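These notes are about the structure you will find just below.
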Amino acid sequence: MTHLETVVAGSIWSFRHKVRIGPLSIPVRSTIVKLTDGRLWIASPPKPTPDLLEALDGIGPIGYVVAPNLQHHSFFAEFLAEVPDAEGYLAPGLPEKISAPSNCRILAEQDWADELPGVFIEGLPVLNETVWIHRATGSLIVTDLLFDFGADNPLLLRLMARLLGVDRRLGMSWTMKRAVKDRTAFGHSLDRIMSHRIDRVIMAHDQIIEGDVTDQLTAAWSWLRP
């Protein structure tokens, strides 16, 4: 039976699954938000198994399926095909990378802005990632901008996370730091994120951070502003 993890009762859930990359089994979190129109918003959709679709149907109709950056799209088209009444949203640049279904739009910051404002991360074209802040719960939803791999992961994955600088700590991987092409634009995006109230950080990889969130975010981005 598929298990949805409740992040904030009545508002946010997540579904954890794994994707194999070479010898590594990488934990991935799909984040589900119930918007005020009653429909579900799903970022980084997983493989749409019948059990998962049934579990999601138990909390609301699926309205919006989101590929939040240039990397998290593996099951996007397959998932969207199973929910024909939903709208698909693609990160800028993805239509040139994948065969996108016809019922898709390019992500824009103003989508769902009243309750789930987005911030497009400038200066990091390897991702073209948009992050979101759920106003009602102060939840920052990120994909590959930030990582935090917990102690319960297998040793090989922990070693990789340590090399990347994100083992048991909130941070950007050194690969992402090096991929920043415009530090000024990137810093402006971070400032826009920090202008919001943030009580938790929900990441695709791997933890959910609560408590001392502002301090942890400031530390995660301190490399940009020594």
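Heavy-atom basis, side chains included; hydrogens, waters and symmetry copies ignored. Source: prediction; values computed, not measured.
Note on Glu87 versus Arg105: salt bridge recorded, some NZ/NE/NH1/NH2 to OD/OE distance being below 4.0 Å. Using a cut-off of 4.0 Å between Lys/Arg side-chain N and Asp/Glu carboxylate O, Asp114 and Arg135 are scored as not salt-bridged.
Hydrophobic clustering (ILVMFWY, side-chain heavy atoms < 4.5 Å, transitive): Met194 and Ile121 are in one cluster. One hydrophobic cluster holds both Ile133 and Leu170 under the rule that ILVMFWY side chains link at heavy-atom gaps under 4.5 Å. A continuous path of Ile, Leu, Val, Met, Phe, Trp and Tyr side chains, each step under 4.5 Å between heavy atoms, connects Phe186 with Val201, placing both in one hydrophobic cluster. The hydrophobic cluster containing Ile198 does not contain Ile202, counting ILVMFWY residues as joined when their side-chain heavy atoms lie under 4.5 angstrom apart, directly or transitively. The hydrophobic cluster containing Leu140 also contains Val166, counting ILVMFWY residues as joined when their side-chain heavy atoms lie under 4.5 angstrom apart, directly or transitively.
By the 4.5 Å heavy-atom criterion applied to side chains, Tyr89 and Thr130 are not counted as neighbours. Under the 4.5 Å side-chain criterion, counting only non-hydrogen atoms from C-beta, Asp111 is not in contact with Trp41. Within the 4.5 Å cutoff, the side chain of His134 has no heavy atoms near those of the Val8 side chain. Looking only at side-chain heavy atoms (C-beta outward), Arg29 and Ile208 come within less than 4.5 Å of each other. Considering only heavy atoms from C-beta on, Val66 comes within 4.5 Å of Trp112 through its side chain. By the 4.5 Å heavy-atom criterion applied to side chains, Leu53 and Ile62 are counted as neighbours. Side-chain contact between Pro95 and Ile106 is present, with heavy atoms from C-beta onward closer than 4.5 Å. Annotation: side chain of Met203 is in contact with side chain of Ile209 (closest heavy-atom distance under 4.5 Å).
Using a distance-only test at 3.5 Å, with no hydrogens or angles considered, a donor-acceptor pair links the side chain of Lys97 to the main chain of Leu70. Side-chain atoms of Ser173 come within 3.5 Å of backbone atoms of Met176 as a donor-acceptor pair (strictly under, hydrogens ignored). When atom types are taken as modelled, the side chain of Arg16 and the backbone of Glu5 share no donor-acceptor pair closer than 3.5 angstrom. No donor-acceptor pair under 3.5 Å is formed between the side chain of Thr31 and the backbone N or O of Ser14. At least one donor-acceptor pair closer than 3.5 Å links the side chain of Arg169 to the backbone N or O of Gly165.
Closest of all the heavy-atom pairs between Thr143 and Glu129 is N-OE2, 2.8 Å. Closest approach of Val126 and Ala179 over heavy atoms only: CG1-CB, 3.7 Å. Leu40 and Gly60 get closest at one heavy-atom pair: CD1-O, 3.2 Å. Considering every non-hydrogen atom in both Val213 and Asp199, the closest pair reads CG2-O, 3.3 Å. Across Arg197 and Gly138, no two heavy atoms sit closer than the pair NH2-N, 3.3 Å. Pairing each heavy atom of Phe76 with each of Leu90, the nearest pair is CE2-CD2, 3.4 Å.
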Assess the residue pair Glu109 and Arg192 against the criterion (salt bridge (Lys or Arg N to Asp or Glu O under 4.0 Å)); give the C-alpha distance rounded to whole Å, side-chain angles, the decisive distance to 0.1 Å, and a yes or no.
CA-CA 12 Å; Glu109 291 184 342; Arg192 292 181 59 209; 2.9 Å; yes
Mind running side chain to side chain contact (heavy atoms under 4.5 Å, CB included) on Ile42 and Phe79 for me, showing each step along the way?
CA-CA 10 Å; Ile42 302 177; Phe79 194 99; 3.8 Å; yes
Output, in order, the C-alpha distance, side-chain angles, deciding distance and verdict of side chain to side chain contact (heavy atoms under 4.5 Å, CB included) for Ile26 and Arg20.
CA-CA 6 Å; Ile26 308 292; Arg20 181 160 289 279; over 6 Å; no
Worked verdict on Val7 versus Ser139 for side chain to side chain contact (heavy atoms under 4.5 Å, CB included):
CA-CA 10 Å; Val7 180; Ser139 300; 5.6 Å; no
Under the side chain to side chain contact (heavy atoms under 4.5 Å, CB included) criterion, do Asp152 and Gln207 qualify, and how do the steps go?
CA-CA 10 Å; Asp152 57 343; Gln207 302 293 298; 4.2 Å; yes
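With values rounded to the nearest 0.5 angstrom, Arg168 atom CZ is found 12.5 Å from Asp206 atom CG. To the nearest 0.5 Å, the span separating NZ on Lys34 from CH2 on Trp13 amounts to 5.5 Å. Rounded to the nearest 0.5 angstrom, Leu156 CG and Leu24 CG are separated by 4.5 Å. To the nearest 0.5 Å, atom OG of residue Ser99 and atom CG of residue Leu94 are 12.0 Å apart. From Asn153, atom CG reaches atom NE2 of His205 across 11.5 Å, with rounding to the nearest 0.5 Å. Rounding to the nearest 0.5 angstrom, the gap separating the CG atom in Leu145 from the CH2 atom in Trp221 is 5.5 Å.
Other residues, nucleotides and ligands contribute over 12 non-hydrogen atoms within 6.0 Å of the NE2 atom of His196. Within 6.0 Å of atom NZ in Lys18, 12 or fewer heavy atoms from other residues, nucleotides or ligands are found, so the atom counts as exposed in its surroundings.
The ring pair (Phe, Tyr, Trp, His ring centres under 6.0 Å) check on His17 picks up Phe15, with sequence neighbours excluded.
Checked by atom type, the side-chain pair Glu122/Ser189 shows no donor-acceptor distance below 3.5 Å.
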